[in-house]
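Have a look at the structure below before the remarks.
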There are 2 protein chains.
Amino acid sequence: MKIDPNSSKDLSAQIAQAIRDAIIKGDLIVDERLPSEAELSEHFDVSRPTVREALKRLAAQSLIRTQRGATGGAFVNRLTFEDAYGQQITTSTLLLSMNAVSFATACEARYALERACAPLSARRRNADHLATMRAEIHRQTQEGLSDEAFCASDVAFHRALVDGAGNPVLSYQLAGAVEAMQPLMNMITFTARSRVRIITLHGNIADAIEARDPKGADAALIDLENYTIELAQDVMARRAGA
Amino acid sequence: MKIDPNSSKDLSAQIAQAIRDAIIKGDLIVDERLPSEAELSEHFDVSRPTVREALKRLAAQSLIRTQRGATGGAFVNRLTFEDAYGQQITTSTLLLSMNAVSFATACEARYALERACAPLSARRRNADHLATMRAEIHRQTQEGLSDEAFCASDVAFHRALVDGAGNPVLSYQLAGAVEAMQPLMNMITFTARSRVRIITLHGNIADAIEARDPKGADAALIDLENYTIELAQDVMARRAGA
DNA sequence: CAATTTTCATTTGTCAGACATTTAAAAGTC
DNA sequence: GACTTTTAAATGTCTGACAAATGAAAATTG
C-alpha cells in the first residue's frame, strides 16, 4: 500500500483508497485487524489525524469498524446485506431528489425491477411472505391511517413480495428502488378513493402470488403500475390547475 | 442540527448524521455552502479535527465536496448518476465477495434484472447502443484477447444493452449487478471454446435488439443465462475433480 | 491453588494550537 | 484601465497532549 505525496488529492483520500483497494483485492480479509493508527501514520509518513480522516471515510462506507481498548483497532468489516440496504436507500433517495428524475422514469424503473422478482416470488414464496402481504393489505384498509403509515405499509407489502423471491441479491437491489420511491408515492395516495383502488390491486397481486401464478402476478403488477401513472398524472394536472 | 454529547457513538459520526439528515430533509440544498469548519466546531462545541472527521465521512459518500481558498468550504454535492454507479459497484462487489453468495444466486439476480431492461431496450435503443453492442461483439472475436479484456468487453456489451432502455435509474441499478459479477464471470470464460458460444449468444441478443423484438431479446438472454449456469457447473465439477 | 481484584499497557476518541497552502477579492501601482 | 501585490479566509496538515475504554497480566485474597 503506497501513496503519492505529490498528488493533488488529499492525503486522507489517497490513504483511504489504498486501504479500500487492499480490501477489494483481498489483501485484507474480513475481520482482519488493520495496523494501529500510529503504525499507519508511520507507514504512510503522515500524521495521526490524517490517518484518522482516512479511516473515517472507510467507516462511512461500512468497510471497517473500530474498537477502543487494548486489543482494539480498526477491523475489516463484513459488509452485510443490511448495511448495503441502508446505503442503497440513502443513495437512491438522494439520487432521485437531486436529479430531477421524472416520476415516469422512476416509476418505470421501479416496476420493471419488481416485475423481475414477481415470477420468482410466485414460485418460491413461503407462508410468511404471503402472511406479511395479507397483513399489510389489511392494515391499509384501516380508517384513520395516516398517509405516512399507508406508504410505509405499501413499502412493507412490496418488500415482502420481493423477499419472496428468496434471492438476497435481488432484495438488496430492489430495496433502493422501492424505498426511494416512497416520498414520490406519498404524493399520490392522499385521497381515500385512490387507497381503495390500490388495496384492490394489492389484493390481486397477493392472490396471484398465493396461487403461485407468475403470469397473473406480472399482470397484476402492470395494472398497479398503470394506475400509479394515472394517479400521478391526475395529481400533476390538479396541481397545474390550482 | 443538534447532537447528544452523552451518546455512545463517536461525535464525528453523530455530526455526520446530523448534516446528512439535513441534506436528506432538504434543509441544506444542492450547492449550498456549509458553515466553515471553525463555525461548525463552535456550533457543535467540538474541536476542528472532530468536525473534519465528520466531513470526511460525508465526502466518502459524495454528499459534500470541499474547496480550498478564500471562497472555499464544504458544499452540498449534487449526487450524480456517475458517482452513484461507482458506489453501487464497490458495494455490490464487496457484498458478493464477503457473503458467500452462490454463483446461482448472483447469476439469477443479474439476469432477472437485465431481462427487465431488455424489452425496454428493444423498443428504445438508438443506433449508438446497437453500434456499441456490435463493436464489443467484434472485439470479443479477436484472437489473443486476454480474459480480463474479454470480460471488460462483456460488461461493456451488457452495459450498452441496459443503457438502451434509456432509463438512467435502471442503468444505475444494473451497474452494480453487472459489474460486480465480472470477477465471477472471469472464472468461466477462460476457455476459447466457451468464448465462441458466448459470442454467438451475444449476437442473438444484438439481433433481437436490432429487430426491436422484445420477446426475442428475452429469449436470447435466457439462453445466455442457461449457458452461463452450465459453464459454471462445469468449472465447479472440474475443480472438484482436480 | 483458585478466584478475585488491581494495575497497566495499548488503542481509539478528543482537544488545543500552530503552520502551510490555496484562492479570490481588495488594495496598490503603473 | 490593466496589471501586480497584498491580504484575508478557508481547508490541509502536523505536533503534542490527555481522556476513556478494554483486555491481559500481575497482585491480592480466600
Side-chain angles (χ1 to χ4, degrees), chain A residues 1-20 22-23 28 30-77, chain B residues 1-20 23 28 31-77:
Chain A
M1 291 193 294
K2 282 180 184 168
I3 60 172
D4 171 18
N6 297 325
S7 165
S8 61
K9 276 191 199 162
D10 292 355
L11 291 174
S12 68
Q14 290 183 60
I15 293 167
Q17 191 61 52
I19 297 174
R20 183 161 33 236
I23 293 173
L28 293 169
V30 167
D31 292 335
E32 184 171 343
R33 183 179 173 283
L34 271 65
S36 71
E37 294 174 356
E39 287 167 332
L40 286 172
S41 67
E42 193 169 352
H43 174 82
F44 289 113
D45 198 27
V46 299
S47 68
R48 221 187 114 205
T50 301
V51 167
R52 282 182 61 78
E53 287 177 10
L55 294 179
K56 294 314 163 198
R57 295 176 115 110
L58 299 174
Q61 296 180 300
S62 304
L63 293 185
I64 63 168
R65 61 178 186 277
T66 55
Q67 208 176 354
R68 289 169 76 164
T71 57
F75 298 83
V76 178
N77 197 37
Chain B
M1 292 195 296
K2 281 179 186 169
I3 60 172
D4 172 17
N6 298 324
S7 165
S8 62
K9 276 188 197 163
D10 292 353
L11 290 175
S12 70
Q14 291 182 59
I15 292 167
Q17 191 60 55
I19 297 174
R20 183 161 34 233
I23 294 173
L28 293 168
D31 291 335
E32 183 172 344
R33 183 178 172 284
L34 271 64
S36 72
E37 294 174 356
E39 288 166 332
L40 285 172
S41 67
E42 194 169 353
H43 173 81
F44 288 113
D45 198 26
V46 298
S47 68
R48 217 188 119 205
T50 301
V51 166
R52 281 182 61 80
E53 287 178 10
L55 294 180
K56 295 313 166 199
R57 292 174 118 105
L58 298 174
Q61 297 179 299
S62 304
L63 293 185
I64 63 169
R65 61 179 186 276
T66 55
Q67 209 174 354
R68 289 170 76 163
T71 58
F75 298 83
V76 177
N77 196 36

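Within every chain, numbering begins at 1; the chains are lettered A, B, ... in the order of the sequence lines, protein sequences first and strands thereafter.
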Selected nucleotide, minimal atom distance to A:A70 side chain, candidates D:dC14, D:dG23, D:dG12 = D:dG23
Is any side-chain nitrogen or oxygen of B:T50 closer than 4.0 Å to OP1 or OP2 of C:dG13?
-> no
Distance-only donor-acceptor test (3.5 Å): side chain A:R68, base D:dT22 | no
Test for a donor-acceptor pair under 3.5 Å between the base of D:dG16 and the side chain of A:R48, counting only N and O atoms.
-> no
Within the distance-only criterion (no hydrogens, no angle test), does the side chain of B:N77 pair as donor or acceptor with the backbone N or O of B:R65 below 3.5 angstrom?
-> no
Side chain of A:L11: nearest nucleotide among C:dA18, D:dC14, C:dT14?
-> D:dC14
Compare side-chain N and O positions of A:T71 against OP1 and OP2 of D:dG23 and report whether any pair is under 4.0 Å apart.
-> no
Assign B:K56 to base, sugar-phosphate, or nothing according to its heavy-atom contacts below 4.0 angstrom with the strands shown.
-> sugar-phosphate
B:E53 side chain vs A:R52 backbone, donor-acceptor pair below 3.5 Å = no
Could you check B:L28, B:D31, B:I19 and say which one makes a side-chain contact (heavy atoms from CB on, under 4.5 Å) with B:V76?
-> B:L28
Using a cut-off of strictly less than 4.0 Å, decide whether B:R52 has a side-chain nitrogen or oxygen near OP1 or OP2 of D:dG12.
-> yes
Examine D:dA9: is either OP1 or OP2 under 4.0 Å from a nitrogen or oxygen in the side chain of B:S36? Give yes or no.
-> no
Atom CD of B:E42 with >12 non-hydrogen neighbours under 6.0 angstrom = no
Contact class for A:R65 (heavy atom, under 4.0 Å): base, sugar-phosphate, or nothing?
-> nothing
